[in-house]
Every structure is written in C-alpha cells, then in structure tokens.
Peer 1: 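What follows is a single structure, and I will ask about it in a moment.
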Amino acid sequence: MPRVRIVTWNVNSLKMRLPRILEFAELHQPDVLLLQETKAEVAAFPALELEAAGYQSVHHSAGRWAGVAILVRDGLELGETVLGLPGEPDPAEARWVEAQVDGTRMICTYVINGRALDSPLYADKLAFLAAAADRVATLRGAGEDMILGGDFNVTRDDRDVYDAAAFEGGTHVQPEERAAFDTILERGGLVDAYRHLHDDPDDRHYTWWDYRAGHFHKGLGLRLDYLLPSQSLAGRLEACGIERDFRKGTKPSDHAPLVADL
DNA sequence: ATGTCACACCGTGTGTGA
C-alpha cells in the first residue's frame, strides 16, 4: 500500500455537511474518508457531487438515522465491499461498512451511543462492541491488514474527558465500555493511531464537543473518534491529528475530522 | 441556562435521537 491520508469524521448529516466535506477534501486531499451519521436515504446520497470532487463511494444507509460511508479517491482501487457487522444488535441501523482499498480493508463504524446505563441501548452498545471485536479477530485470523475507524462513543481513559466527574454514572466513560474497546484493539491486533503518536500524560485533545452551551469555545469535549490501523501498518504512521477548524465556521458538525498519514 | 442541531411530519410546531 502506498502512503495514504485517511480521515474519520462523524458529519451529522451528509446533506447538511456536503459543503464542509468538499472544502475539507480540497484543502487536505485525503485518499480515504470514513464518514458516520450520513443520515441520508440511499437515493439522497450525493454520489455525483462526490464523483465530481474525485471520490468513489460506498454507502450503508438506514434512512434518517445513523448511516456510514467510505469515500475513496480516484486512482485507488475500490474493491470488495461489505455492508453490516455479523452479530450486531440491529442490522437495519447501518453502523458498519467495509471496503477493500488497494488490498487493505478499510472499515467505517458508528457505534451505538447507549443513551444511559439503565437503557436497553447500553446493553446493545456493549453487544455491538463485542461483535466488532469478533469481526476484527476473524479478519486478523485471515491475515488481513485493516484500518478500522469511526465514532466509537467511548473514551479510552480520563484524558479523553473534559471533566470525568461530570460524566460519572453516564455512558462513554464506563470501565466496561473501555474494556470492550481495548478488546477490539487486542483481538484485532490494532493500534490507536492518535495515542500511538501522542501519549503524553497531559495530552487532552478532543474530537467531539456538544453544540450546546458554548462547549467547543470553552474546550469542553470528548475524544470519541478513532483510527485503528493493524500493528503491521502502525509503524508507518507519520502523523495523526484533529482538524479543529472544521468544528468552527459555517454549519459545522459536532465532531472534528481525525486525520492520519501512513 | 434544561443553553443546539438535524431528521420527519402536513408543519408555520412537535417528537425523536444525539
């Protein structure tokens, strides 16, 4: 695989965010984009606009909610695609899509939020994370290199949370969620690309900020978005960073893009 | 500040999901 720039970005509606996505593509020239929360019907997917910008795409749609897509720059080979995750709680929610890109499997996921610890959706979240671990273990066993990226709705440790006390008793910070995340890394043989390059005890950089109450302006965010390459690819990591500028300006998503060069 | 944004629906607001 030649040097690639890969991006994960929860865009919170592809339709609303298309101008910012095209702006981002023009500025940063990514080779692969993993997009979550497309919130677009199949027929509403802006394939022609993306083709005009130089990208082929695969979209797994759930209509008005969730939805994930992989965009691949012209010149890279977009091969086999897979829609859905074996064993996921509700396949109709469209939270997992895979595509072979020049022989490397790119995977884009939007993990179930969970809402609250006493919600059935929280059990579904843990089940989804377990199914993801099974899937990456299967792929690893088949000898495949991969890059799994997306919005995991989990922080890995308290560095990833602006105020751990404020989240006590809530989702996104629980030890069982974090353990489920670590199991994905272990069983898939994957590396947290951002932490691989930025592991200072005081490194506090976030990828999501609530739209409300000026949280972005106040620096109150969470690190929820990840790029997880196979260990065999991680040695080639040159850079991994968060493009905070795309959380600003006109009609931003509540997530910033996470970019890795490898 | 319980503070915003985006979706669908016959809608000029309300419910749902984040």
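Remember, it's a predicted structure, so these values are computed and weren't measured experimentally.
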Peer 1: Separation of A:Glu41 atom CD from B:dC9 atom C1', in whole Å?
Peer 2: 14 Å

Peer 1: Which ones in residues 250-258 of chain A lie close to DNA chain B, meaning a heavy atom under 4.0 Å from one of its atoms?
Peer 2: A:Lys251

Peer 1: May I have the distance from A:Met16 (atom CE) to B:dG17 (atom P), rounded to whole angstrom?
Peer 2: 21 Å

Peer 1: In whole angstrom, what separates A:His215's NE2 from B:dT2's C1'?
Peer 2: 12 Å

Peer 1: Give none if B:dA18 has no partner; otherwise give the nucleotide forming a Watson-Crick or G-U wobble pair with it, both distances under 3.5 Å.
Peer 2: B:dT4

Peer 1: Please give, in whole Å, the distance from B:dC9 P to A:Trp65 CH2?
Peer 2: 11 Å

Peer 1: Charged N to carboxylate O below 4.0 Å: is that the case for A:Arg223 and A:Asp192?
Peer 2: yes

Peer 1: Taking atom C1' of B:dC7 as reference, at what distance in whole Å does atom NZ of A:Lys39 sit?
Peer 2: 6 Å

Peer 1: Under the 4.5 Å side-chain heavy-atom rule for ILVMFWY, direct or indirect, which residues accompany A:Leu50?
Peer 2: A:Val7, A:Trp9, A:Val11, A:Leu14, A:Leu18, A:Ile21, A:Leu22, A:Phe24, A:Leu27, A:Leu33, A:Leu35, A:Phe45, A:Tyr55, A:Leu71, A:Phe246, A:Val259

Peer 1: Rounded to whole angstroms, how far apart are CG on A:Asp210 and P on B:dA6?
Peer 2: 13 Å

Peer 1: Within this structure, what is the CG-to-C1' distance between A:Leu222 and B:dA18, rounded to whole angstrom?
Peer 2: 13 Å

Peer 1: A:Asp90 CG to B:dG17 P: how many Å, rounded?
Peer 2: 12 Å

Peer 1: When you check the gap from the basic side-chain N to the acidic O, do A:Asp261 and A:Arg5 get nearer than 4.0 Å?
Peer 2: yes

Peer 1: With rounding to the closest Å, how many angstrom separate the P atoms on B:dC10 and B:dA6?
Peer 2: 22 Å

Peer 1: For A:Arg115, is there an ion pair with A:Asp124 - N to carboxylate O distance below 4.0 angstrom?
Peer 2: no

Peer 1: Remember a base hit wins even if backbone is also touched, and classify A:Tyr110 as base, sugar-phosphate or nothing at under 4.0 Å, heavy atoms.
Peer 2: sugar-phosphate

Peer 1: Between A:Tyr162 and A:Tyr206, is the gap from one ring center to the other below 6.0 Å?
Peer 2: no

Peer 1: Report yes if a side-chain nitrogen or oxygen of A:Arg17 is closer than 4.0 Å to either non-bridging phosphate oxygen (OP1 or OP2) of B:dA6; otherwise report no.
Peer 2: yes

Peer 1: Quantified in whole Å, what is the C1' atom distance between nucleotide B:dT16 and nucleotide B:dG11?
Peer 2: 16 Å

Peer 1: Run through A:Asp202, A:Asp199, A:Asp200 and flag the one making a side chain to side chain donor-acceptor pair (under 3.5 Å) with A:Arg159.
Peer 2: A:Asp199

Peer 1: Checking side chain to side chain donor-acceptor pair (under 3.5 Å) between A:Asp160 and each of A:His172, A:Arg195, A:Arg178, which is the one that passes?
Peer 2: A:Arg195

Peer 1: Hey, which sits more toward the 5' end of DNA chain B by its nearest nucleotide, A:Leu14 or A:Gly114?
Peer 2: A:Leu14

Peer 1: Do any side-chain nitrogens or oxygens of A:Arg115 fall under 4.0 Å of OP1 or OP2 in B:dG17?
Peer 2: yes

Peer 1: Can you check the distance between B:dG3 and B:dA18, where both ends of the measurement are the C1' atom (answer in whole Å)?
Peer 2: 16 Å

Peer 1: Nearest of B:dC7, B:dG3, B:dT4 to any side-chain atom of A:Lys15?
Peer 2: B:dC7

Peer 1: Mapping A:Tyr211 and A:Asn113 onto DNA chain B by nearest heavy atom, which one lands closer to the 5' end?
Peer 2: A:Tyr211

Peer 1: Determine, for A:Arg95 against A:Asp90, whether the closest basic-nitrogen to carboxylate-oxygen distance falls under 4.0 angstrom.
Peer 2: no

